[in-house]
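Residue numbers count from 1 along this sequence. All values reported here derive from a predicted model rather than from experimental measurement.
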Amino acid sequence: MGQREIIEAVDRALTTHGRAVLTGPTGAGKTEVLRAVAAVAERRETVLRLTPEAADRWIPEASAAALLSSVPCTALENLAGPQRTAIALLRREADEPRAGRDHVALRLALVEVLRTLADRNPVLLVLDNAQWLDAESTDLLRFALRLTPPRVRVLVAECVQGGTPVAEALCGPGTPAIRVPPLGAEEIAELLVRHGLPARLAGRIHQASGGNPRLALALGHSLAEAAGARDGGAHHADTLPVSGQAREVARRLLAEAPAQARRTLLLAALAARPTTALLRRAGRPDAEAELAEAERAALVTVGEDGSVRFTAGALPTALAADAGWPERAAAHAALADAVDDPVQAVRHRALAVDTPDQWLAAEITEAAAACRRRGQRALAAELGLLAADRTPVHLPGDELARLVAAAEDAGWAGRADLARRATRAVLARDASPADRVRARLAVIDAAGQALADLDETFAYAMDDAAGDPSLQAAVQLRVATKYNLSDGDPVRSRDAAAAAGALAATGGDQVAEAMALTVRARMGRILGDRDAEEILAEALALPAPEVPLGMRNAPQYLAVRHALFDDRLGDARRQLLVLLPAVQRTGSAEDVFEVLRSLTEAELRRGRCAAGTAHSRRALELTIEAGLSPGPAWYCAATAEAMGGSFARAAAYARRGIQASEEEHDQVFLSRSLYALGLVELATGEAAKAVATLRRVAELEAAQQVVDPSILRWHGELAEALVAADAPGEAAELIDGVRTTALALGRTTVVAALDRAQGLCRSALGDAQGAVALLEATAERFAALGLPLERGRTLLALARTERRRRRRAPARAALQAAAEVFDRAGAKPWLDLARETAPEAAAARHPGVAALTEAETKLALLVSQGASNQEAAAKLFLSVKTVESRLTRIYQKLDVRSRAQLATALRTG
């Protein structure tokens with residue numbers, strides 16, 4: 001997977017040099033690359049394979065015997081007597097002492113065998129695991145390969161990094177060395193899906209594996225097993241268990257570094273921010289040299305400032321797990337004296353002992369509070385758990401308070417593993433109902449989008465909150481979120497929020513009351529309620545908390561979202577840039593993601609694709625780093641790529657978002673990711689697919705009772721796709737229905753998008769002049785609204801319409817104007833579309849071809865290539881009857897009477 005370029009590089013090296021060396025760590029995928037190359041070579045070459053194992057390294061001539069055993073007997077028939085005897089002795093492992101064998105004859109025999117095979121057919125010798133060759137076999141192969149003809153090519157794979165003595169010995173100096181790179185996050189997601197593992201874990205697994213496919217799969221299986229074993233198959237895995245096969249793969253990777261280097265690596269694994277200077281102060285005077293060896297083994301990277309970063313997150317976990325308690329304690333003690341951060345000093349001192357200590361526990365609690373002030377909520381949660389663990393048994397109240405605080409910090413940070421761990425400890429103690437509710441709510445908050453499997457947690461929280469209006473309000477607010485996100489039911493969400501607001505008012509909790517009003521306003525906007533803005537204004541009038549308790553439900557953030565829906569983009573951007581540093585201080589990764597997502601949308605709509613893409617990249621990195629639900633981040637990346645990157649990458653991100661949202665039962669971002677995919681399919685001319693995808697969006701939006709068309713603007717895209725799929729009547733019906741709602745709600749930019757679709761619809765129905773007038777007016781309206789990308793898309797539609805009228809000069813002008821708009825915005829994929837000149841050239845050669853719609857062109861191409869009506873119908877997701885009627889129109893437009901004449905017309909046009 002993901003190694004097509006590597007396979008091509010290997011093929012080029014073998015073609016040019018006859019030799020190639022493939023390098024990379026254990027599990028990088030070298031064996032799969034070898035198999036792919038050998039499978040292609042077998043069509044025209046004799047392929048000899050040799051794959052020694054670790055034990056073979058200590059058996060003299062073991063690999064040579066294995067290689068010669070695989071050689072066809074016909075290649076041995078013409079060998080001289082001594083050579084045949086030498087091979088026979090080696091192949092049957094005779095009792096004759098090794099010292100008595102004729103090693104010169106054996107060398108010459110191997111040379112002769114390879115020459116004989118090469119005379120008949122080119123030979124490819126594929127040698128995997130070269131690091132496990134025994135010394136005698138290495139010497140024998142080196143001699144033989146030096147004397148073989150060019151028709152014998154050699155491909156060697158080894159685990160040790162760089163050009164090693166084994167590779168150089170076999171292939172000679174100057175042999176191209178090709179390193180197998182790690183897989184990207186998208187490729188890891190695809191790998192997990194192919195192996196039946198959840199794609200939503202791809203970000204965390206990519207970070208933990210460093211893109212090593214074998215380690216990624218081992219971690220994926222461990223996570224899936226852990227999720228299935230807990231709570232009767234709970235859907236959200238807590239931790240990344242580096243155990244079993246994953247532990248073994250990590251150990252094999254770490255074994256490539258010398259023992260001295262691994263001692264330094266243990267210190268780096270236990271430090272929060274390891275640097276070479278810190279490791280020297282902690283007692284490793286040769287840290288630079290030892291880390292250089294680890295870097296050559298692809299275990300770490302060392303920055304110019306001396307910062308040390310492990311290439312895979314599972315490596316430090318495995319190092320710490322494999323070290324004994326005395327070794328870990330000594331390392332923490334050394335680090336406690338070496339670090340310059342008081343918080344980290346306290347952490348290391350606490351980890352260097354395993355006995356309760358009242359004063360140390362108090363120090364750790366103060367350190368956790370400092371982290372909270374810094375916005376380091378995940379570290380605060382870890383320290384809170386550590387403080388509870390170091391609290392003496394005669395202080396149960398202190399221990400419980402520290403556990404509850406740790407759970408809440410974990411909830412803020414989105415660390416489900418720490419939240420569950422702290423909550424289990426709270427529930428195992430004599431905790432008050434209030435403490436139990438706070439702990440359970442932390443588990444809910446840490447779950448991100450995956451709320452569908454927490455019904456039991458919600459039920460217990462409701463039971464514990466009975467009699468306390470403020471606690472009941474807090475639970476009802478989370479229930480309202482679940483109704484919308486997981487159940488796709490904004491009406492129940494609105495009602496739950498109303499109940500939460502009433503409870504909060506009874507309990508005198510104005511913060512919770514403001515949040516409840518915010519949820520009501522958000523659901524009201526979705527449902528098209530006319531009082532949604534008034535409810536939001538009421539929420540904004542209440543005292544705002546210094547730290548918003550969840551950005552989604554903060555009234556100031558919903559005001560930003562409404563500004564985005566209304567395309568008041570300058571206002572939205574200004575408010576978001578005020579919110580960004582505020583949420584970064586709170587330490588909630590989910591809140592920071594929300595602001596970055598909205599900034600991405602604002603910049604893209606304003607025609608600043610580079611800025612939008614940068615924000616989306618930060619959002620995706622944050623999601624992976626913090627272990628958040630990936631569906632929203634993949635949707636965000638898909639929209640950024642669709643505007644300013646690549647349609648292919650946008651489609652890949654959208655499909656990942658669909659997969660993850662389906663796994664987490666996230667109805668909201670399932671619709672959004674499907675919309676992103678449908679937009680790409682429409683832009684790339686896959687009209688039938690776009691119709692199918694966007695109809696799924698329409699069905700989901702209908703099921704979720706979404707009324708306001710400004711929330712997710714799929715309506716115009718579906719109408720355009722229907723026109724392209726030769727269903728303008730259905731498109732017109734859709735446009736008319738949505739237009740009525742949009743006008744009633746005052747959604748002017750939605751109406752403009754509908755007008756673009758209406759223009760294409762008029763063109764398809766034969767009103768070309770009316771279509772051009774409408775599209776020209778719509779392009780001007782988008783310019784006035786400050787929506788350059790929408791203007792560019794409208795100009796593209798205008799160019800297509802003019803081209804169908806055979807007015808090439810106006811079509812060229814519209815295309816040029818669109819290209820200029822997209823170029824200024826940095827909208828690369830759309831700029832590429834605008835620069836396409838093939839349709840215009842086709843019109844010049846055969847005017848009739850230009851008269852075909854996109855849907856008709858696709859059908860015409862399929863039929864001209866030999867597809868039957870039934871096959872074309874299946875390919876284009878149409879009925880056979882529709883194909884037949886559409887073919888009739890195509891024949892009429894092109895003035896042809898048969899499939900042969902159609903093919904000729906298409907070739908000339």
CG/D354: more than 12 non-hydrogen atoms of other groups inside 6.0 Å = yes
Could you tell me which non-hydrogen atom of A450 sits nearest to which non-hydrogen atom of S629, and how far apart they are?
-> N-OG, 4.1 Å
Show the numbers, then the answer: is there a side-chain contact (heavy atoms from CB on, under 4.5 Å) between Q705 and D489?
-> CA-CA 7 Å; Q705 306 172 68; D489 192 337; 3.4 Å; yes
Donor-acceptor list for residues 393-402 side chains, cut-off 3.5 Å, not counting sequence neighbours:
residue, atom, partner, partner atom, Å
E399, OE1, R429, NE, 3.1
E399, OE2, R429, NE, 3.2
E399, OE2, R429, NH2, 3.0
R402, NE, T365, OG1, 2.8
R402, NH1, T391, OG1, 2.7

Y483 side chain to D495 main-chain N or O, any donor-acceptor pair under 3.5 Å?
-> no
Are any non-hydrogen side-chain atoms of W634 and I658 less than 4.5 angstrom apart?
-> no
Which value, rounded to the nearest 0.5 Å, describes the distance between D666 atom CG and S486 atom OG?
-> 7.0 Å
Working to the nearest 0.5 Å, report the span between CD of Q556 and CG of L536.
-> 10.0 Å
Hey, does the side chain of D708 reach the backbone of S710 with a donor-acceptor pair shorter than 3.5 angstrom?
-> yes
Are R605 and L564 side-chain neighbours, meaning at least one heavy-atom pair lies under 4.5 Å?
-> no
How about L700 and L670: do any of their side-chain heavy atoms sit closer than 4.5 Å?
-> yes
Here the pair of heavy atoms bringing L674 nearest to T693 is O-CG2, 3.2 Å
Counting only N and O atoms by type, is there a donor-acceptor contact under 3.5 Å from the side chain of T600 to the main-chain atoms of S616?
-> yes
Between CZ of R713 and OH of Y675, what distance do you get to the nearest 0.5 Å?
-> 8.5 Å
Heavy atoms of other groups near E456 CD, more than 12 under 6.0 Å | no
Ring-face cation contact, Y653 with R656, 6.0 Å cut, 45° max | no
Using a strict 4.0 Å threshold on nitrogen-to-oxygen distance, state whether R520 and D529 make a salt bridge.
-> no
Going from CZ on R525 to CD1 on I535, what distance comes out if it is rounded to the nearest 0.5 angstrom?
-> 13.0 Å
State, with a plain yes or no, whether a side-chain heavy atom of V578 is found less than 4.5 Å away from one of Q575.
-> no
Looking only at heavy atoms, what is the nearest atom pair of A216 and L192, with distance?
-> O-CD2, 4.3 Å
Ion pair check, R597 and E601, cut-off under 4.0 Å | yes
Is there side-chain contact between L385 and L403, with at least one heavy-atom pair below 4.5 Å?
-> yes
Apply side-chain contact (heavy atoms from CB on, under 4.5 Å) to the pair D455 and K482, showing each step before the final yes or no.
-> CA-CA 10 Å; D455 288 344; K482 177 185 178 295; 2.9 Å; yes
S598 and R561: side chain donor to acceptor below 3.5 Å | yes
Using modelled atom types only, decide if a donor and an acceptor are shared between the side chain of R747 and the backbone of L745 within a distance under 3.5 Å.
-> yes
Less than 4.5 Å apart, any side-chain heavy atom of R347 and any of Q344?
-> yes
Sub-4.5 Å side-chain heavy-atom contact between C371 and V343 = yes
Test side-chain contact (heavy atoms from CB on, under 4.5 Å) on L599 and L577 and set out the steps.
-> CA-CA 8 Å; L599 275 169; L577 291 177; 4.1 Å; yes
Which pairs would a plain distance check flag for residues 439-448, meaning a side-chain donor or acceptor within less than 3.5 Å of a matching protein atom at least two apart in sequence or in another chain?
residue, atom, partner, partner atom, Å
R440, NE, D464, OD2, 3.2
D445, OD1, R478, NE, 3.0
D445, OD2, R478, NH2, 2.9

Hey, what do you get for CD (E363) to CG (L383), rounding to the nearest 0.5 Å?
-> 12.0 Å
How long is the span from the OG atom in S209 to the CG atom in L219, to the nearest 0.5 Å?
-> 6.5 Å
Salt bridge (Lys or Arg N to Asp or Glu O under 4.0 Å) with E408: of R438, R415, R377, only one passes, and it is R438
Using distance alone, with no hydrogens and no angle criterion, decide if R247 and S222 have a side-chain donor and acceptor under 3.5 Å apart.
-> no
Could you tell me whether the side chain of D468 reaches within less than 4.5 Å of the side chain of V437, counting heavy atoms only?
-> no
Identify the two heavy atoms, one from A654 and one from A676, that lie closest to each other, and give their separation to 0.1 Å.
-> CB-CB, 4.2 Å
Answer yes or no: does atom CZ of F458 have more than 12 heavy-atom neighbours from other residues, nucleotides or ligands under 6.0 Å?
-> yes
Start with the C-alpha gap between Q476 and V479, add the side-chain angles, then the distance that decides, and say whether side-chain contact (heavy atoms from CB on, under 4.5 Å) holds.
-> CA-CA 5 Å; Q476 281 291 342; V479 170; 4.2 Å; yes
